2 protein chains.
Amino acid sequence: MPSADRRLQPRREPRQVRAELTRERILAAAAHVFSEYGYAAGTTNRIAERARVSIGSLYQYFPNKDAILAALLVRHIDRGTWTRADELDLSPGTLAATVRALVRDAIDNHSEDPQLLRIMIEEAPLSQELLDTIDRHGRQRVAQIRDLLALHPDVRVTDLDTAAELIVFTVEINTHKLMADPRPIPVERFERELANMVTRYLRGDRHAE
Amino acid sequence: MPSADRRLQPRREPRQVRAELTRERILAAAAHVFSEYGYAAGTTNRIAERARVSIGSLYQYFPNKDAILAALLVRHIDRGTWTRADELDLSPGTLAATVRALVRDAIDNHSEDPQLLRIMIEEAPLSQELLDTIDRHGRQRVAQIRDLLALHPDVRVTDLDTAAELIVFTVEINTHKLMADPRPIPVERFERELANMVTRYLRGDRHAE
DNA sequence: CAAAGAGCTGAGCTATTGCTCATAATAGAG
DNA sequence: CTCTATTATGAGCAATAGCTCAGCTCTTTG
């Protein structure tokens with residue numbers, strides 16, 4: 001299983017509709033196969049078979065197996081995550097609602113194919129390039145949330161940067177957990193408690209620490 | 001790469017000291033190799049080589065590759081996690097300190113070989129049996145924390161079960177993240193903010209929700 | 001309606017892996 | 001010291017993976 005070739009770009013750009021369709025079929029099949037078998041056992045032959053495409057065709061559009069998963073991941077990232085900050089209410093007394101919107105957004109963004117998402121994040125041998133892309137998006141999101149927190153009058157947390165990082169990660173990872181859990185907590189309860197935790201944290205408090 | 005044989009027990013129980021040492025060397029080597037290469041690329045031959053043991057010897061004590069990682073995981077679990085509940089202070093006004101102790105404990109428990117731990121949890125193809133073991137321990141821990149929360153006078157959260165599950169997972173996973181992060185937050189800051197979040201959540205508050 | 005290029009096919013090559021087994025070395029009992 | 005059970009060895013097998021390439025079919029173009 002050599003994968004010395006680290007290119008992630010297709011070796012041939014689709015020029016006909018037919019080709020575009022094939023590429024699409026491959027990606028769709030890959031999503032199914034990875035999600036069902038995991039990354040290691042999700043073989044390229046299985047993917048090709050499921051896409052009803054020959055293995056040769058698969059390798060015309062993806063230089064190697066990693067590139068297929070990378071394409072799926074990039075596509076997911078590009079679909080965007082988290083509500084845009086400017087659509088949120090920043091008037092006093094609205095923190096709970098704001099946080100709740102963020103939590104709900106995270107849930108929505110992960111309810112599509114949680115199993116695939118888990119595999120992409122946990123099992124995939126990500127290239128450095130891809131890791132950087134993910135990292136960049138992560139930072140961007142953290143920065144966005146930090147700015148949001150800075151603007152909201154109800155936020156009384158001292159260390160804004162750490163707080164932003166902490167809640168972005170916590171919300172995201174807990175959502176993953178919810179989706180993957182074989183016996184998950186009911187969504188409403190989960191959403192409420194997670195939002196409560198974040199809200200109370202951000203509000204700070206006047207008790208003795 | 002067949003692994004139809006799902007046994008996790010050794011095929012031969014060590015009866016001489018020499019054998020016990022060999023087994024130990026294999027496990028130590030496996031920890032290194034998995035931690036360095038990941039599960040898939042951490043081949044049994046590499047492990048045997050690192051342990052300075054023939055591949056045949058390896059297969060005398062572990063029926064298959066999965067069993068090696070399983071043994072490492074079980075060993076980690078058995079080392080125990082989280083402070084015993086009865087050592088904690090339950091008098092009023094001590095919630096922050098209590099939570100902080102729990103957080104610190106989680107950090108301590110994961111600082112040994114975070115990379116290996118990550119691989120065990122994320123990359124390992126866990127058998128149902130092992131999954132059940134992990135699940136059981138998880139439930140036990142959640143139950144333990146829930147009982148603790150029920151006893152503490154400062155805790156004002158309504159849904160105790162959900163709260164316990166939420167904070168156990170959140171603390172653990174955030175600790176993982178901290179360890180794995182290429183550019184991690186300073187530990188003290190991390191510890192403080194995470195503990196703050198949990199404490200404030202548990203305290204509840206009297207603001208309008 | 002050709003010619004040319006784009007797209008597709010799948011048998012099979014190469015590499016690698018998990019693992020076996022016949023054999024040798026070593027340890028401990030009597 | 002001898003005999004037996006235990007432990008160790010490593011060449012190599014069987015399985016399977018990722019991936020190539022020579023030749024085919026289909027589209028497009030002029």
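Predicted model only: the values in this text are computed from it and were never measured. Just so it is clear: chains get the letters A, B, ... in the order the sequence lines come, proteins before strands, and each one is counted from 1.
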- prompt: Whole Å only: how far is the CZ atom of A:F62 from the P atom of D:dC19?
  reply: 13 Å
- prompt: Closest heavy-atom contact between B:A124 and B:L69?
  reply: CB-CD2, 3.0 Å
query: Which of residues 35-52 of chain A have a heavy atom under 4.0 Å from DNA chain D?
result: A:T43, A:T44, A:N45
- request: Respond yes when some side-chain nitrogen or oxygen of A:T22 is under 4.0 Å from OP1 or OP2 of C:dC8, and no when none is.
  value: yes
field: Distance-only donor-acceptor check, side chains B:E13 and B:Y61, under 3.5 Å
entry: no
Cut-off 3.5 Å, no hydrogens considered: what does the side-chain donor-acceptor table look like for residues 95-102 of chain B, sequence neighbours left out?
{"residue": "B:T98", "atom": "OG1", "partner": "B:D89", "partner atom": "O", "Å": "3.2"}
{"residue": "B:T98", "atom": "OG1", "partner": "B:T94", "partner atom": "O", "Å": "3.0"}

Show me the donor-acceptor pairs within less than 3.5 Å that the side chains of residues 182-191 of chain B make with the rest of the protein, sequence neighbours left out.
{"residue": "B:R189", "atom": "NH1", "partner": "A:T162", "partner atom": "OG1", "Å": "3.2"}
{"residue": "B:E191", "atom": "OE2", "partner": "B:R104", "partner atom": "NE", "Å": "2.8"}
{"residue": "B:E191", "atom": "OE2", "partner": "B:R104", "partner atom": "NH2", "Å": "2.6"}

statement: Residues passing the side chain to side chain donor-acceptor pair (under 3.5 Å) test with A:Q128, sequence neighbours excluded, are A:D132
task: Among the candidates D:dA8, D:dC19, C:dT9, find the nucleotide nearest to the side-chain atoms of A:K65.
output: D:dC19
- prompt: OP1, OP2 of D:dT9 versus side-chain N and O of B:S54: anything below 4.0 Å?
  reply: yes
task: Can you tell me the distance, in whole Å, between the CG atom of A:L21 and the C1' atom of C:dC8?
output: 14 Å
message: Quick one: does any side-chain atom of A:T199 pair with a main-chain N or O of A:A195 as donor and acceptor, under 3.5 Å?
response: yes
- request: Starting at atom CD of A:Q60, determine the distance to atom C1' of D:dA22, rounded to an integer number of angstrom.
  value: 13 Å
field: Reading 5' to 3' through nucleotides 22-30 of chain C, protein heavy-atom contacts under 4.0 Å coded B for base, S for sugar-phosphate only, - for none
entry: ----BS---
message: Measuring to OP1 and OP2 of C:dC19, would you say a side-chain N or O of B:Y59 lies under 4.0 angstrom away?
response: yes
- request: Report yes or no: is the cationic atom of A:K65 (NZ for Lys, CZ for Arg) under 6.0 Å from the centre of the six-membered ring of A:Y59, at an angle within 45° of the ring normal?
  value: no
field: Distance, rounded to the nearest Å, where B:I68 contributes CD1 and C:dC19 contributes P
entry: 8 Å
- request: Taking the side chain as every heavy atom from C-beta outward, state whether A:E193 and A:N196 have any pair of such atoms under 4.5 Å apart.
  value: yes
message: Testing the 3.5 Å rule here: is there a donor-acceptor pair between the side chains of A:Y39 and A:D66?
response: yes
message: For a quick test of reading the model, state the closest non-hydrogen atom pair linking A:G204 to B:R200 and the distance between them.
response: CA-NH1, 3.4 Å
- request: Would you jot down, in residue-number order, the residues of residues 24-31 of chain B having a non-hydrogen atom under 4.0 Å from DNA chain D?
  value: none
message: I need the minimum non-hydrogen distance between A:I26 and A:I47, along with the two atoms involved.
response: O-CG2, 3.8 Å
B:L58 CG to C:dC19 P, straight-line distance once rounded to whole Å: 9 Å
statement: Ranking C:dG10, C:dG18, D:dG10 by distance to the side chain of A:I55, first place goes to C:dG10
